[in-house]
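Structure first, commentary second.
Naming: A, B, ... by sequence-line order, numbering from 1 per chain. In this text, all values refer to a predicted model and were calculated from it rather than measured experimentally.
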Protein chains: 2
Amino acid sequence: MKMSNTQQRRVILEELRKLDTHPTADELYDLVRQRLPQISLGTVYRNLELLSATSQILKLQLTGTQKRFDGNTALHYHRRCPCCGRVSDLKGEEMAEVERVLNELLRKTGCRSYTLELCGVCPACRKQQSSSRENPENINNPKSHQENKNDGIERQ
Amino acid sequence: MKMSNTQQRRVILEELRKLDTHPTADELYDLVRQRLPQISLGTVYRNLELLSATSQILKLQLTGTQKRFDGNTALHYHRRCPCCGRVSDLKGEEMAEVERVLNELLRKTGCRSYTLELCGVCPACRKQQSSSRENPENINNPKSHQENKNDGIERQ
DNA sequence: CCAAAATTGATAATGATTATTAATTCTAAT
DNA sequence: ATTAGAATTAATAATCATTATCAATTTTGG
Ligand SMILES: [Mn+2]
Ligand SMILES: [Mn+2]
Ligand SMILES: [Zn+2]
Ligand SMILES: [Zn+2]
């Protein structure tokens, strides 16, 4: 069961690593197809599974129906934007804050690990929001911003 | 669109409220069928959807493939046990700790809300574990305890 | 009781993911 | 470079959870 180095696997990994958007398997399939037009969706799924099983990528089980994948294997956390639906990485000080606060929580509860998904306006939407003076309570009524990529996710 | 009071809906809600196990739709279906043998799975799904849309129950999107439902609508948090796979509520001091620590996190990150799933040994497994002196690092190798209800969930 | 509205059980359809398989590609050893 | 065996692929079928459809039944408010 030695992992061989196929063109398909290489391209899938390369394309995923170019992104910071946490694509679903079919989103990545569309990108990979631009370089390998005859690749099949099954191959993308199979390789994403293999790559995450060997810790070369992350498989994210965020809320919503589809799995998402991440070429960045460093420990980090994610925020889903209620405006555009995008999943973005927490950066710098925000990251450190999660670490600090959640480690404290693990210690006090005796738990081993956690899965955390924050919900907050992403940097891209923050800009627009401040200029367009929008109703801040349309959290459950997305589809407001231009490049709205929100899928039909219902949050708890 | 007034919600009528059907026997099916009443039984579904009653049975769900008896539990603290966060069943999936089909698990609840099996229970409800003991009282209403001719009910269909579609009816269970339809009512769970309606009941959660009207805030009479909670729909949980925990890791794993299936949705889970909760008759307890009070604000509270969940822990998945790496030994038995069960989802249990955090209680008392643990609850308060999550509140405190995560509110701090929201304030510092400017996020609106969060979805948190802790992973930690549940009270039931804790008892067994202390007596049976088991390898504490079989986190990714469940199927160790007797009443093992672990589904095939892969954690991040 | 009665008409309109809501719901049900049965079943089909959907969407995401996984399994199957014959054909192709990779690999490592000659 | 050749070659046998292992790994992988594209195509496709199958699976699993969930949602949609719809004629028949139940509930509701008058
Ligand atoms: Mn990421
Ligand atoms: Mn609960
Ligand atoms: Zn956004
Ligand atoms: Zn347990």
Side-chain angles (χ1 to χ4, degrees), chain A residues 1-16 22-30 32-54 56-69 85 87 150-154 156, chain B residues 1-16 22-30 32-54 56-69 85 87 150-154 156:
Chain A
M1 296 182 187
K2 184 161 296 180
M3 204 174 191
S4 59
N5 182 18
T6 66
Q7 194 182 191
Q8 289 89 335
R9 183 132 60 223
R10 215 173 326 110
V11 172
I12 288 168
L13 187 53
E14 278 175 23
E15 291 301 316
L16 181 58
H22 314 92
T24 58
D26 56 298
E27 285 167 352
L28 189 57
Y29 172 55
D30 286 341
V32 168
R33 250 195 307 187
Q34 294 176 16
R35 290 176 58 185
L36 302 175
Q38 61 287 75
I39 197 174
S40 80
L41 180 57
T43 298
V44 174
Y45 268 108
R46 198 178 337 103
N47 278 294
L48 288 173
E49 201 52 54
L50 260 163
L51 290 166
S52 69
T54 53
Q56 300 176 261
I57 65 172
L58 295 180
K59 177 167 59 175
L60 307 178
Q61 307 252 339
L62 304 173
T63 55
T65 46
Q66 293 182 73
K67 288 172 186 166
R68 292 181 172 274
F69 299 88
V87 175
N150 198 316
D151 34 40
I153 292 163
E154 306 166 49
Q156 293 184 215
Chain B
M1 295 181 189
K2 185 160 294 178
M3 204 175 191
S4 59
N5 182 17
T6 66
Q7 193 181 192
Q8 289 88 337
R9 183 133 61 223
R10 216 173 325 111
V11 172
I12 288 167
L13 187 53
E14 278 175 24
E15 291 300 317
L16 181 57
H22 314 93
T24 59
D26 57 298
E27 285 167 353
L28 189 58
Y29 172 55
D30 285 341
V32 169
R33 251 195 307 187
Q34 294 176 15
R35 290 176 57 184
L36 302 175
Q38 61 286 73
I39 198 173
S40 80
L41 179 57
T43 298
V44 174
Y45 268 107
R46 199 175 338 104
N47 278 293
L48 288 172
E49 202 50 55
L50 260 164
L51 290 167
S52 69
T54 54
Q56 299 176 261
I57 65 172
L58 295 179
K59 178 167 59 176
L60 307 178
Q61 306 252 337
L62 304 172
T63 54
T65 46
Q66 294 181 71
K67 288 171 186 167
R68 292 181 172 274
F69 298 88
V87 175
N150 198 316
D151 33 41
I153 291 164
E154 306 166 49
Q156 293 182 217

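A donor atom on one side chain and an acceptor atom on the other are not found under 3.5 Å apart for A:Arg9 and A:Thr6.
How far CG of B:Asn5 is from CD of B:Gln7: 10.0 Å, rounded to the nearest 0.5 Å. Once rounded to the nearest 0.5 Å, the distance linking CD1 of B:Ile12 with CD of B:Gln56 reads 11.5 Å.
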Handout entry: Evaluation steps, side chain to side chain contact (heavy atoms under 4.5 Å, CB included), between A:Lys59 and A:Glu49
Key = CA-CA 8 Å; A:Lys59 177 167 59 175; A:Glu49 201 52 54; 2.8 Å; yes
Exercise for the section: List the steps and the verdict of side chain to side chain contact (heavy atoms under 4.5 Å, CB included) for B:Leu60 and B:Phe69. Expected result: CA-CA 6 Å; B:Leu60 307 178; B:Phe69 298 88; over 6 Å; no
Exercise for the section: I would like to know whether A:Gln66 and A:Glu27 meet side chain to side chain contact (heavy atoms under 4.5 Å, CB included); could you show each step before the answer? Expected result: CA-CA 11 Å; A:Gln66 293 182 73; A:Glu27 285 167 352; over 6 Å; no
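The residue among A:Leu36 and B:Thr24 whose nearest nucleotide of DNA chain D is located toward the 5' end is A:Leu36.
One can place CZ of A:Arg33 at 16 Å from P of D:dT9, the figure rounded to the nearest angstrom. Going from atom CG of B:Leu41 over to atom P of C:dA13 covers 18 Å, rounded to whole Å. Taking atom CD1 of residue A:Ile12 and atom C1' of nucleotide D:dA10, one finds them 12 Å apart after rounding to whole Å. In this structure, B:Arg10 atom CZ and D:dT28 atom C1' are separated by 14 Å, rounded to whole Å. Per the geometry, CZ belonging to B:Arg68 stands 10 Å off P belonging to D:dT18, to the nearest Å. Going from atom CZ of B:Phe69 over to atom C1' of D:dA17 covers 11 Å, rounded to whole Å. Atom OH in B:Tyr29 sits roughly 8 Å away from atom P in C:dA10 (whole-Å rounding). Here the C1' atom of nucleotide D:dA17 and the CD atom of B:Glu27 are 13 Å apart, to the nearest Å.
Dashed line: the shortest gap from a side-chain N or O of A:Lys67 to OP1 or OP2 of C:dT18 is under 4.0 Å. One finds a side-chain N or O of B:Tyr45 lying less than 4.0 angstrom from the OP1 or OP2 phosphate oxygen of D:dT18.
Partner of A:Leu48 under the side-chain contact (heavy atoms from CB on, under 4.5 Å) criterion, out of A:Thr24, A:Leu13, A:Leu28: A:Leu28 alone.
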Polar pairs (N or O, both sides) under 3.5 Å between protein and nucleotides 4-8 of chain C?
from	atom 1	to	atom 2	distance (Å)
C:dA6	OP1	B:Met1	N	2.1
C:dA6	OP1	B:Lys2	N	3.1
C:dA6	O3'	B:Lys2	O	3.2
C:dA6	O3'	B:Ser4	OG	3.4
C:dT7	OP1	B:Ser4	N	2.9
C:dT7	OP1	B:Arg9	NH2	2.4
C:dT8	OP1	B:Thr6	OG1	2.8
C:dT8	OP1	B:Asn47	ND2	3.4
C:dT8	OP2	B:Arg46	NH1	2.7
C:dT8	OP2	B:Asn47	ND2	3.3
C:dT8	O3'	B:Gln8	NE2	2.9

